[in-house]
Number of protein chains: 2
Amino acid sequence: MITIKDVAKRAGVSISTVSRVINNSKPVSNEIRQRVLKVIEETGYTPNPLARSLVTKKSQLIGVIVPDISDFFMGELLNGIEEVGKIYDYDIVLCNSYGEPDEELKYINLLKSKQVAGIIFVSWKMNQKHVDVIEKANIPAVYISKNATEFDVYSVSINNFEASYDMTKYLIENGNKKIAFMKSSAQDNIMDSDRYRGYKKALKEANIEIDETLVKEGDDTSESGYYLMSEILEAKNIPDAVFASRDEIAVGVINCILDAGYKVPEDISVSGYNDIKLASLYRPALTTIKQPIYDMGAVSIRMIVKIINNEGLEDKKILLPYSLIERQSVLKK
Amino acid sequence: MITIKDVAKRAGVSISTVSRVINNSKPVSNEIRQRVLKVIEETGYTPNPLARSLVTKKSQLIGVIVPDISDFFMGELLNGIEEVGKIYDYDIVLCNSYGEPDEELKYINLLKSKQVAGIIFVSWKMNQKHVDVIEKANIPAVYISKNATEFDVYSVSINNFEASYDMTKYLIENGNKKIAFMKSSAQDNIMDSDRYRGYKKALKEANIEIDETLVKEGDDTSESGYYLMSEILEAKNIPDAVFASRDEIAVGVINCILDAGYKVPEDISVSGYNDIKLASLYRPALTTIKQPIYDMGAVSIRMIVKIINNEGLEDKKILLPYSLIERQSVLKK
DNA sequence: TTGTAGGCGTTATCAA
DNA sequence: TTGATAACGCCTACAA
């Protein structure tokens, strides 16, 4: 392996000079600069990032902690993170926490020991403990989590409250009165989620009373959606529509409805949330809230870079635009 | 940050001694070992991996190059890689090549400069150049690619030829005679893919002549499947079944068939390949070849670790078992 | 503008 | 069994 020393020798200069031209850190006479550059070119020398990090105490690594790599949402998110990360010359070290707080905490420390330059923390549901640990590690961090806005941290998300409100209103406007809602399990979260609050607000405005038997709570999987829907169906209290707070859940819901012999959207309309790839692939194609998932990843790493470089950040919380995508799973009036 | 020096001082020993107890590299008297251990415990000291790698020339990083992170297949694969990697204390640095050979090559070099301990190279279609570059970088590598078996490298896959043969035979046994096949674009690959060969063999055995107009070639997306199927439909040469060499393609195919007013599987049966999550979520649920995707990831990193540690590896090519999953997209006779 | 030398946190060699 | 000390490849005062 060729080192800075070799380059220096071949160029007939000291290693500090080579270092200077590499980093543009101090003036170097043009003649010498050219000479050094030429040698670098010839030898194909690249600085050893390890040695560099050791002295600068900074690496070109960004740690990304996600709850499930194989989740459809994460794939698109990671795409965004990776792609713009590359632009700024950062690499991604990937950690799969399985959503378990212990794992998440462990990974934060592990990443710290790896001297990552920053952390993007993706979680189903974050809590103060996460914030404390990351804060203590003193690493720039950006959070992506449904409830990230509840904390005083850098975060990127969409306005879940408004989006959910819009979708519910849309459902109502299309003639649906009995609207079921699938929320994801509350865990240690006392407050109602933004999405649930948006749903409630829309109903209230339309003077529709909330039917608690139509509000179900489960986890973020299609299996859960299937099960929850089967409960509703069994109770014989058939809704006009169901609003699932996640596309995967919506797909489970639809599968259940179909298996029970009803039709979607003719008998029951179903809407999702996120607009993952699956949403447009599935039939009936899902009417859903489009989150700019790729962009969320892109923006979050851009934030990290800004924090690292002390560039100004206007806002700690970035809210990206969402949109309501009309497809086939909701019957239009 | 607390270093080995601090530990040494607090324990009243030299840093070499501390290093020895950390690495168990040389005998240390029990009394001193305990003392050092205690200090480590108290101070919460963890060795700096960077400094360590700098001297050992080895890191605990495994580079994973994938063609598309958001691909359904990759998610499950990465899950396997990450989880098993963690067991052996390896972290994953993730690279997205977009399937572009230039990017792939660049990443290999980048990973080398990061001193990764190994590379898992995932590619739609690999070629000799990849092998050469990785070989030259002299880094342990395992390949996951449909055509990996064509090269003399460590690889993990399933027996694509047999699996494809089985599926085609299954289709035939269920009364289908005119069976279309969707293969993925050949690129620089002269030979027919294993999957296509399996298809041909089954047809031949059943004395069915290959109808070239029913063999289509496109890329690995559902859009491609949709388009290819529309061509077939337009040609009015309606097949009994179509065998798509990838689940995503199959979904596109079905969507096209559905949109054209035909029924699946009543009018046309469709089978996929891979058994990604989508396959069971979609309706009609896909009859497909189940690749043990998670296991493929798990096995590949296990191989890397073995190579690194010079443990014996029986075989360069590991073939994992596959199975034919019967669901709803193929009509049973 | 350039070079010398010390140090980043480890491991590894060689004496003691 | 232990301890100095020289690397590892790079950056950065400090001097020249």
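Below, all heavy atoms of this structure are taken into account, side chains as well, without hydrogens, waters or symmetry copies. Throughout, protein chains are lettered first and strands after them, A, B, ... in sequence-line order, and every chain is numbered starting at 1. All values derive from a computational prediction rather than experimental measurement.
Computed from coordinates, the A/Ile4 CD1 to D/dT12 C1' distance equals 11 Å when rounded to whole Å. Here the P atom of nucleotide C/dC8 and the CE atom of B/Met1 are 13 Å apart, to the nearest Å. Between the CZ atom of B/Arg35 and the P atom of D/dT1 there is a distance of 15 Å, given to the nearest Å.
In this structure the side chain of A/Arg302 reaches within 4.5 angstrom of the side chain of A/Tyr88, judged on heavy atoms. Here the side chains of B/Trp124 and B/Asp71 are in contact, with some heavy-atom distance below 4.5 Å. The shortest side-chain heavy-atom distance between A/Ile92 and B/Val93 does not fall under the 4.5 Å cut-off.
Between D/dT5, C/dT2, D/dG9, one nucleotide has an atom nearer to the side chain of B/Ile15 than all others, and that is D/dT5. Comparing D/dC8, D/dC11, D/dT1 by their closest approach to the side chain of B/Pro27 singles out D/dT1. Taking only side-chain atoms of B/Ser16, from C-beta outward, the nucleotide of C/dT11, C/dA12, C/dT10 with the closest atom is C/dA12. Proximity note for A/Leu54 (side chain, C-beta onward) versus D/dG9, D/dA4, D/dT2: the nearest is D/dG9. Distances were taken from every side-chain heavy atom of A/Ser14 (C-beta onward) to each of D/dG9, C/dC8, C/dG3; the shortest belongs to C/dG3.
Phosphate proximity of C/dT13 to B/Lys26: absent, as no side-chain N or O sits under 4.0 Å from OP1 or OP2. In terms of phosphate contacts, A/Asn23 brings a side-chain nitrogen or oxygen within less than 4.0 Å of OP1 or OP2 of D/dC11.
Counting any heavy atom pair closer than 4.0 Å across all strands shown, B/Thr17 reaches sugar-phosphate atoms only and no base atom. Note on A/Ser29: only backbone sugar-phosphate atoms sit closer than 4.0 angstrom, heavy atoms only; bases stay farther off. Counting non-hydrogen atoms under 4.0 angstrom, A/Ile32 reaches the backbone sugars and phosphates but no base. The residue B/Ile22 sits apart from the nucleic acid: no heavy atom pair falls under 4.0 Å. Residue contacts shown for A/Thr3 are limited to sugar-phosphate atoms, with no base heavy atom under 4.0 Å away. At a threshold of 4.0 angstrom between heavy atoms, the contacts of B/Thr46 are confined to the sugar-phosphate backbone, with no base atom among them.
In this structure, B/Lys277 forms a cation-pi arrangement with A/Phe72, its terminal cationic atom sitting closer than 6.0 Å to the ring centre and no more than 45° off the ring axis.
For the ring pair (Phe, Tyr, Trp, His ring centres under 6.0 Å) test with B/His130, the passing option among B/Phe151, B/Tyr107, B/Phe121 is B/Phe121; the others fail.
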(message) Let's test your reading of the pairing rules: Watson-Crick or G-U wobble, both distances under 3.5 Å, then write DNA chain D as a dot-bracket string with ( ), [ ], | and dots.
(response) ||||||||||||||||

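Of the residues near DNA chain D, B/Val55 and B/Val13, the one whose nearest nucleotide (by heavy atom distance) lies more toward the 5' end is B/Val13.
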(request) Check the pair A/Glu42 / A/Arg10 against salt bridge (Lys or Arg N to Asp or Glu O under 4.0 Å), numbers first and verdict last. (result) CA-CA 10 Å; A/Glu42 289 169 1; A/Arg10 278 188 67 147; 3.1 Å; yes

